[in-house]
Peer 1: 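I'd like to ask you about the structure that follows.
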Amino acid sequence: MQRNNPLTLLYDGLIVILALAFAAFFAMQIPTIAQGETIRITLPWVDFLDVNLSFYIDGLSLLFALIISVVGVFVALYSGAYLAGHPQLGRFRLYLMLFMMSMLGLVLSDNLVLLFVFWELTTITSYLLIGFLHETAQGRRSARQALLVTGGGGLAMMAGFVLLATMGGNWELSQLLTQGQSIKEHALYMPTLILLLCGAFTKSAQYPFHFWLPNAMAAPTPVSAYLHSATMVKGGIYLMARLYPVLGGTPSWMVILTVFGAITAVWGSIVAMRQNDMKLVLAYTTLMALGTLTMLLGSDNVVAITGMLTFLLVHSLYKSSLFLIVGAIDHESGTRKLNELGALAGKMPITMVSAAAAALSMAGIPPFLGFVSKEMIYSGAISLKNMSLFTTGSALIANFLMVAVAAVLILRPFFGPAVATPKKVHEAPLRMWLGPAILATLGLVMGVMAATTGHWLIQPAVQAVTNTQQEIHLALFHGFNTPLLLSALTLALGIGVFLAYRPLNGLLAKLESLVPVTGDKMYDHALNGIAKIAHWQTDILQNGSMHRYLATVFATIALAVGYTLFAKGGIVWPDMWPQLRFYEWVVVLLILASTVVTLLAQSRLVAISALGVIGSCVGLIYLMFGAPDVALTQVTVEILVVVLVTVALLKLPGHASVAEPSGSERFGRGVIAILIGSVFTLLLLAVNSVPLDMKITEYFAANSLTLAHGRNIVNVVLVDFRGFDTLGEITVLTVAGITAYQMIKLRLGRSGK
Amino acid sequence: MTENSGFLTWASNITLALLLLGMLFAVIRLRLGPSLPDRVVALDLIAAIIIGFTATLAVAGNDAIFTNMGLELGLISFLSTVAFARYIERRIILEKKATRPIERSTKG
Amino acid sequence: MHDIIVGILLVSGGFFACVAGLGILRFPDVLMRMHASTKASTLGVGLILTAVAIYFGTLEMIARSAATIIFLLLTAPVAAHLLGKAAYRTGAVLWQGMSKDELKDYAETEQESQ
Amino acid sequence: MNSLILRTATKILVSLMLLFSIFIMLRGHNEPGGGFVGGLIASTAFGLYAVAYGPQAVRNAIYFDPRKIAMFGLGLGILAGIIGILAKGVFLTGTWTHLGGIAIGTPVLFDLGVYFVVVGAVMTLILAMEEEE
């Protein structure tokens, strides 16, 4: 370990101090919150949307805030050593701090929009952190995957928030919590629930969206410890817990959460058994924990909720310490594969002790808080009114597999047969074993003083979630009752599974191969599908042929305008034949004649010159109806077009003759032409029937001479009254000129044809 | 500017009719015209007649504003015929370069 | 009296323009059609423009009509010349009844030079 | 086109057309005309010159690169706007002064800007196409 220069130590220190400050601040709030008061701070941000920076601390948010800041302290301390010497360590610290702030913001914000903003910030910072080791393709892929899945869920959640706010009539969570009853009966309840659960399930990696979490292990270990076990993935749980009083309790809420939670828990623990890489084992056990938490949130009795909250706290403690320990092992021995590790106990004594403590808490062995939370879960699950057997069953399966995994995690690497490891192993530096040690001992201390932790930490949270003043009391020993029996059963089954690890592994492998499609493959299919659709759509719409573009454009206009005219009954048929003077009739006749010539023209040049004749006739019409300026411009443009076209045709000899369109194509084009022609005629007739609003013309007529010293209103308007538009037009004209110039020069350079 | 006398309106109407008849012939030539030069001649005539048209309108409509377009058109209609002429000439040279025999320019 | 002159000029101008159109339609080959197109139309339009000049009578209008006529007289022959040269050069279908073709020998020499 | 007749005619016509285009541009405020049409007529004149004498001759004649002319036109437009700010506080307000008996104002300057933009843009196109040989 090269000597760390003082500067990096200072920077590491800064972030640790920040985390410590937060932890201390929230610790100080415990007494006030414990008495049931809540702190609310509101700063105006966007008034007319009534979105303001309003923060709200109650039992639930305080519990989360404490977990985030305490674990944050140790992760910051740990990552200083773990990534020592990494060129972008500074950037890592920035992302870590950004994440901590946004996570704290998420759990403390009271305004729905603010919550969404912080939610998205956590998604982005998680993307940056997962993708921190961006050299590997796998790292980039999993970062993008995490971003897409959680981001998509976030969007659905935002829609849910909007519906929720419209139902509740208010964007502040504290006000919404009081209107639980009216919202549950509201017609929009179901869509809001689905949308919000989408957000929560993607963030907390529930069953259909769980695949991104194991892939997120590509992140450096401190990130996995902090984001993907203790805090970020619990964001979804926090959301569901926060909205429990508003949305919870209905049958659909209970069924969805219990079923999906149970599947995630059981599936997570089964797959955890099969993993060889310690980080993946921990990742799948996190899935198990999140599944159990969601399942318990699907319940309706207070005991289950207490069990859920204690388990939340316990899981954060032991999972973060285990992750940090795995990081330490990886950092020291260069590998974290179970089969490549052994007999580390001698070499890494302190880490071994804290690993053992964390694993025991994970397995739920008595003195630890893990045991207390397992007891509460079992007693809650038993006393459930409906689906209690299903919940207890899946909790039991998940827990005894947890015991087996805990055993595998500790016994194999520390006490198993010695195996040569790439790097010579010795005890991790102070900063890397201090964090896990403290977190693990916290699990023990809180377990022993279960009553105090219950009263100070868990009770206010339970009261916040269930919106009642319910008294709860945690204790190590509740006497001989079924939960104790269940715990003993879990322990026995767990040890049994551990002993029969080898054959069970083969069976599970077969079971896993049976599963037709995993989330990951679905994700890839989805992405490829989108790419294919984009490809197919471009082929159809932009296949390079001008005819196709024009046909699509005209067809769309004709159908859109035509339909609206038809549907809105805008078709106005002039009652009498238009009163035109003799020669105006003849000009119309001329236009028709030249249109016929254009249609039947063989050579492109003839078609264009016939169009030129139509243009000049239109110029005549402008003249006859009193628009000399426009007539002048029209005719001059006709002449310039001829010059450009003849030059162009010289350059493209092949294009001189018009390619003969096939029968069907010609018919199609004819139909579109007639359609668009008739639609515009009807449109103009409709416009004509409406009396012209003379207000503007009168204004200009009156002021043109006085204000702008000019009698030619058209030019005065162009240059003076609406000068700004003309400025825009001439800019467009200049840009068009320059781009055309570049394109011509480019073509010359490339092909010179 | 008094209203035109009966004779004058009658005269201007007749002139307009004659002009447009000439224009119609030109459009027919534009359609029939075997070779491109024929068509360019027709276009040239149409341009000239349009100038006449604007002038007659000035008399018929009793308003001098119409003459602007005639004046301007007189100047610039020349360029389209020049451009066409250059195209006709250059096209043959390009084809010669592409060593194709000079087919009598029957098609425009 | 003033109106009658204008009327006559107008009608004759129109007549010549119509003749020009007819000429274009009836003549057998390009070069002859150009005769009709340039000469008759310039005359026709010129007459109409003089009619306009007389009708308005103001100095400005006379100057404007005169300018238009001058422009026409300037551009029409040049245009016709260019067109004729281009048409002849590119092997226009010539009328059999043509008695004398002065340009033939000169054209060969120039063709080689290109 | 190296026909002598065309070249002599162009000499006269181009100068007439340019004069005419400036005439149209300046009288635009009271009678039909204005920056746009003036610019177009000027471009036609230069187009004719390009046909007769070839694009290189035109580039020498207008000395500046047409794109620069377009930019200069835009600059004039914005300048007219800025004068509006200085004089009346709001961008592009018309401010009129009487110089030697005739009224000169920012709109005219703006119109001149439009004139140059049209000439610049159209000439860039025509010359680019002509030179592409």
Side-chain angles (χ1 to χ4, degrees), chain B residues 4-5 7-8 10-12 14-19 21-26 28-29 32-38 40-42 44-45 48-49 51-53 55-56 58-59 62 64 67-68 70-71 73-75 77-78 81-82 84-89 91-93 96 102-106, chain C residues 3-4 6-11 13-25 29-31 33-34 36-38 40-42 44-45 47-49 51-52 55-56 58 60-61 64-65 67-72 74-76 78-80 82-87 89-93 114:
Chain B
N4 291 346
S5 65
F7 168 69
L8 206 57
W10 176 78
S12 52
I14 288 287
T15 333
L16 285 172
L18 284 169
L19 280 174
L21 194 63
M23 218 159 161
L24 210 63
F25 291 145
I28 295 166
R29 170 50 63 195
L32 293 175
S35 72
L36 185 54
D38 297 306
V40 176
V41 163
D44 198 13
L45 177 62
I49 290 180
I51 300 171
F53 196 87
T56 334
V59 170
N62 196 345
T67 51
N68 299 316
L71 179 66
L73 204 59
L75 255 179
S77 63
F78 167 65
T81 326
V82 167
F84 274 125
R86 186 176 69 147
Y87 173 73
I88 298 165
E89 210 165 283
R91 194 174 52 152
I92 300 303
I93 300 162
K96 232 183 259 161
I102 309 164
E103 9 96 356
R104 277 275 169 256
S105 55
T106 49
Chain C
D3 289 0
I4 293 159
V6 168
I8 293 162
L9 279 173
L10 268 179
V11 173
F15 168 72
F16 279 111
C18 179
V19 159
L22 202 64
I24 282 192
L25 209 56
D29 76 1
V30 181
L31 299 177
R33 286 185 196 123
M34 270 201 287
S37 145
T38 30
S41 69
T42 330
V45 172
L47 285 172
I48 295 175
L49 283 168
V52 163
Y55 175 76
F56 284 104
T58 59
E60 191 226 346
M61 286 316 292
R64 187 172 288 189
S65 311
T68 324
I69 294 171
I70 294 164
F71 289 157
L72 266 176
L74 242 171
T75 54
V78 176
L82 283 172
L83 204 56
K85 200 161 78 127
R89 266 260 196 72
T90 55
V93 175
Q114 210 133 46

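Side-chain atoms are counted along with the backbone in the values below, which use heavy atoms only and exclude waters and symmetry mates. Just so it is clear: chains get the letters A, B, ... in the order the sequence lines come, proteins before strands, and each one is counted from 1.
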Peer 1: Working to the nearest 0.5 angstrom, can you tell me the gap between B:Thr56 OG1 and B:Leu16 CG?
Peer 2: 5.0 Å
Peer 1: Under a 4.5 Å cutoff for heavy-atom pairs, which residue among C:Leu83, C:Val52, C:Val19 has the most contacts with chain B?
Peer 2: C:Leu83
Peer 1: If we define contacts as heavy-atom pairs under 4.5 Å, which of C:Ser41, C:Ala76, C:Ser65, C:Gly21 has the most with chain B?
Peer 2: C:Gly21
Peer 1: C:Val78 versus chain B, heavy atoms under 4.5 Å apart: side chain, backbone, both or neither?
Peer 2: both
Peer 1: What residue in B:Thr67, B:Leu19, B:Leu73 has the most heavy-atom pairs under 4.5 Å with chain C?
Peer 2: B:Thr67
Peer 1: Determine whether a donor-acceptor pair (N or O, by modelled atom type, separation under 3.5 Å) exists between the side chain of B:Arg29 and the backbone of B:Ala42.
Peer 2: no
Peer 1: In terms of heavy-atom pairs under 4.5 Å with chain B, which of C:Leu72, C:Thr42, C:Ile24 leads?
Peer 2: C:Ile24
Peer 1: What is the distance from atom CH2 of B:Trp10 to atom CG of C:Asp3, rounded to the nearest 0.5 Å?
Peer 2: 13.5 Å
Peer 1: Please check if the side chain of C:Ser37 supplies one atom and the backbone of C:Arg33 the other of a donor-acceptor pair under 3.5 Å.
Peer 2: no
Peer 1: May I ask you to name which of C:Val45, C:Leu49, C:Leu10 has the most heavy-atom pairs under 4.5 Å with chain B?
Peer 2: C:Leu10
Peer 1: Given that the side chain runs from C-beta out, which part of C:Leu25 has a heavy atom under 4.5 Å from chain B: side chain, backbone, both or neither?
Peer 2: both
Peer 1: State the CD1-CZ distance between B:Ile14 and C:Phe15, to the nearest 0.5 angstrom.
Peer 2: 13.0 Å
Peer 1: Between chain B and each of C:Leu47, C:Val6, C:Thr38, C:Ile4, count heavy-atom pairs under 4.5 Å; write down the option with the most.
Peer 2: C:Ile4
Peer 1: Which bit of C:Ile69 is near chain B, if near means a heavy-atom gap under 4.5 Å: side chain, backbone, both or neither?
Peer 2: neither
Peer 1: How long is the gap from NZ on C:Lys85 to CG on C:Leu31, to the nearest 0.5 Å?
Peer 2: 14.0 Å
Peer 1: Which pair of heavy atoms, one from C:Ala51 and one from C:Leu9, lies closest together, and at what distance?
Peer 2: CB-CB, 3.7 Å
Peer 1: Rounded to the nearest 0.5 Å, what separation is found between the CZ atom of B:Phe84 and the CG atom of C:Leu82?
Peer 2: 14.0 Å
Peer 1: Let's test your reading of the structure: which of B:Ser77, B:Ala17, B:Ala48 forms the most heavy-atom pairs below 4.5 Å with chain C?
Peer 2: B:Ala48
Peer 1: Mind ranking B:Asp38, B:Ile49, B:Thr81 by heavy-atom pairs under 4.5 Å with chain C and telling me who comes out on top?
Peer 2: B:Asp38
